[in-house]
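Convention: sequence-line order gives letters A, B, ...; per-chain numbering from 1.
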Amino acid sequence: MSELPFKKVDELLGGELVGERVRTRGWIYRTRHKGKMVFTVIRDSSGIIQATLFKGDMESEDDFNDAKKALVESSVEVEGILVEEPRAPGGYEIQVRRFHVVHFAEIFPITKDQSEEFLMDKRHLWVRSRRLTAIAKIKHSLFKAAREWFDEQGFYEVTPPILTGSAAEGGATLFEVKYFGDKAYLSQSAQLYLEAMIFSLENVYSITPSFRAEKSRTRKHLTEFWHLEAEEAWTGLEGNIKIQEELLSHIAHRVAEWNRKELEFLGRDPKDLLKIETPFPRYRYSEALDNLRKKGVELEWGDDFGAPEERKLTEDEELPIFVTHWPTEAKAFYMRWDPKDTRVVLNDDMLAPEGYGEIFGASERETDVNHLIERLKAEDANIEDYEWYLDLRRYGSVQHSGFGMGVERVVAWLSKAEHIRETIPFPRTPSRIRP
RNA sequence: GCCGUCGUAGCUCAGUGGCUGGAGCGGCCGGCUGUUAACCGGCAGGUCGCAGGUUCGAAUCCUGCCGACGGCGCCA
């Protein structure tokens, strides 16, 4: 092998190096041989390119024999002339002169036909697939775009704890862990801690894993998911809604811009994402009930929406929608009562288009310590566990609001994924903790 | 927590009471200078999920268990 610098596959596919001797490295994605020729498709993090070997053109016969023997997923370095070749996938190929097998792979277990169960058992290998790779790149862009947007808006990224001493919302869905002689829980939400941080930094956000011990078997649930949460001082429901829609619109536009190739591979038209412009449609909960009634779905005031109702509400929408002002009894204790109508709280859920479900949950927070105590008592909560939180309303309480975004659900929508587990490399579900 | 489906070769499946349990893919050997999930010839590969029962005889019927998948509810 020469000392030529290694080029990434996408640089080769750019076409500027046609006619030159080039060198690249990666893993064998496909291979087949035909007499004195070998066709291999090389995969690296940037894409795939065909490398074609004619025995007579090779500078080493051993290289040719190695290429013939090397199975799918062997790691290789190849060197040859880059040519334009309409018969090759992608339109370019390397006519190989030298072929070095870094490691001869054993028989790769993942072949043409696979069941969901088998792919989950081999997840550590399946993450190499083009589909999961494309989705992983979109997730990366989501984080990058979100941080970019928050930074422009003057938010501080903070680091709330994952191990917590008591339940934040609904004790039944907490994972319990041993904590020396005591018990601790894996965080379900950073919200209460973010609320504490606004009194110094005013506008804060965090990106953390959240854990829910719910035995939910659906295409939009994980027991461990990534949670993007923000909390804003001096902000009411209206300001909070604007932050949510602008953030999501920014993310959608950036993904359309940065991940054109991946979106097309996944069957998502980038134009769908460029259309995500603010403001998003808003419906009060009671209006949403009326809309459902027009579509033939009868719900009682106070009922929560199930998956079929969410689908009905979003089926004619190109944009995500907000449903605001939900019945108090359906929602958490920290949500502020609407002063104009105490049957409802100042909150919103944002529903993604195409039935991807609830992607944001948000509210203005209750600022009055006595109201909070009243609501906690109504839920039979242990007030002592919340004393620290109640303190936040005793020392300079101010109007504030915040939201949580389910990162994987947004990625699922952006990527047109079939199932949320495609959006996280090692999904945790009630029946899956390994690999 | 509830409803449903499925466990047979490394993978995807056929076989549903009777002779030695099959195919395709993948692998190995051989052939082939333009393959695209190549093709042609040959070879190897099995605890029929586990346990018990019915029967002259069970992959096949029954019971229990285990595992997985799909959906509902709950949520982001």
Report the nucleotide, chosen from [options], that has the shortest atom-to-atom distance to any side-chain atom of [X].
X: A:Leu71; options: B:G27, B:C69, B:C25; result: B:G27
X: A:Ser431; options: B:U35, B:C69, B:A37; result: B:C69
X: A:Arg421; options: B:U33, B:G34, B:C69; result: B:C69
X: A:Arg87; options: B:G34, B:U33, B:A68; result: B:G34
X: A:Arg409; options: B:G34, B:G70, B:A76; result: B:A76
X: A:Glu358; options: B:G73, B:G34, B:A76; result: B:A76
X: A:Glu116; options: B:C74, B:C69, B:G34; result: B:C69
X: A:Ile107; options: B:C25, B:C75, B:G27; result: B:G27

Open item on the list: Suppose you measure atom C1' in B:A59 against the same atom in B:A44; what distance do you get, rounded to whole Å?
Closed with: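 Here B:A59 and B:A44 have their C1' atoms 23 Å from each other.
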Open item on the list: Work out how far the P atom of B:C6 is from that of B:G53, and round it to whole angstrom.
Closed with: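 Per the computed distance, 26 Å lies between those P atoms.
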- [ ] Show your working on salt bridge (charged side-chain N to carboxylate O under 4.0 Å, His left out) between A:Glu232 and A:Lys242 and close with a plain yes or no.
- [x] CA-CA 12 Å; A:Glu232 312 104 35; A:Lys242 285 210 170 106; over 6 Å; no
Just to be sure I understand the rule, does [X] reach a base, reach only the sugar-phosphate, or reach nothing, if contact means heavy atoms closer than 4.0 Å?
X: A:Gly306; answer: sugar-phosphate
X: A:Glu214; answer: base
X: A:Lys220; answer: base

Taking only the side-chain nitrogens and oxygens of [X], find out if one of them lies under 4.0 Å from OP1 or OP2 of [N].
X: A:Lys215; N: B:G1; value: yes
X: A:Ser115; N: B:C69; value: no
X: A:Arg32; N: B:A38; value: yes
X: A:Thr52; N: B:G34; value: no
X: A:Arg311; N: B:C72; value: yes
X: A:Arg432; N: B:C69; value: yes

- [ ] Answer with yes or no whether A:Gln50 presents, from its side chain, a donor or acceptor under 3.5 Å of a partner atom in the base of B:U35.
- [x] yes
- [ ] Could you tell me if the ring centre of A:Phe305 sits under 6.0 Å from that of A:Tyr285?
- [x]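 Ring centres of A:Tyr285 and A:Phe305 closer than 6.0 Å.
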Strictly by Watson-Crick or wobble contacts shorter than 3.5 Å, is anything paired with [N], and which nucleotide is it?
N: B:C6; value: B:G67
N: B:G52; value: B:C62
N: B:C43; value: B:G27

Task: Residue met sooner reading RNA chain B from 5', once A:Phe108 and A:Pro89 are mapped to nucleotides - done: A:Phe108
Open item on the list: Let me spell it out: for each of A:Phe305 and A:Met37, pick the nucleotide of RNA chain B with the closest heavy atom. Which residue's pick is nearer the 5' end?
Closed with: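 Closer to the 5' end of RNA chain B: A:Met37.
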Task: Cation-pi, A:Trp149 ring and A:Arg254 (6.0 angstrom, 45 degrees) - done: no
- [ ] Give a yes or no answer on whether the side chain of A:Tyr156 reaches the backbone of A:Ile198 with a donor-acceptor pair at less than 3.5 Å.
- [x] no
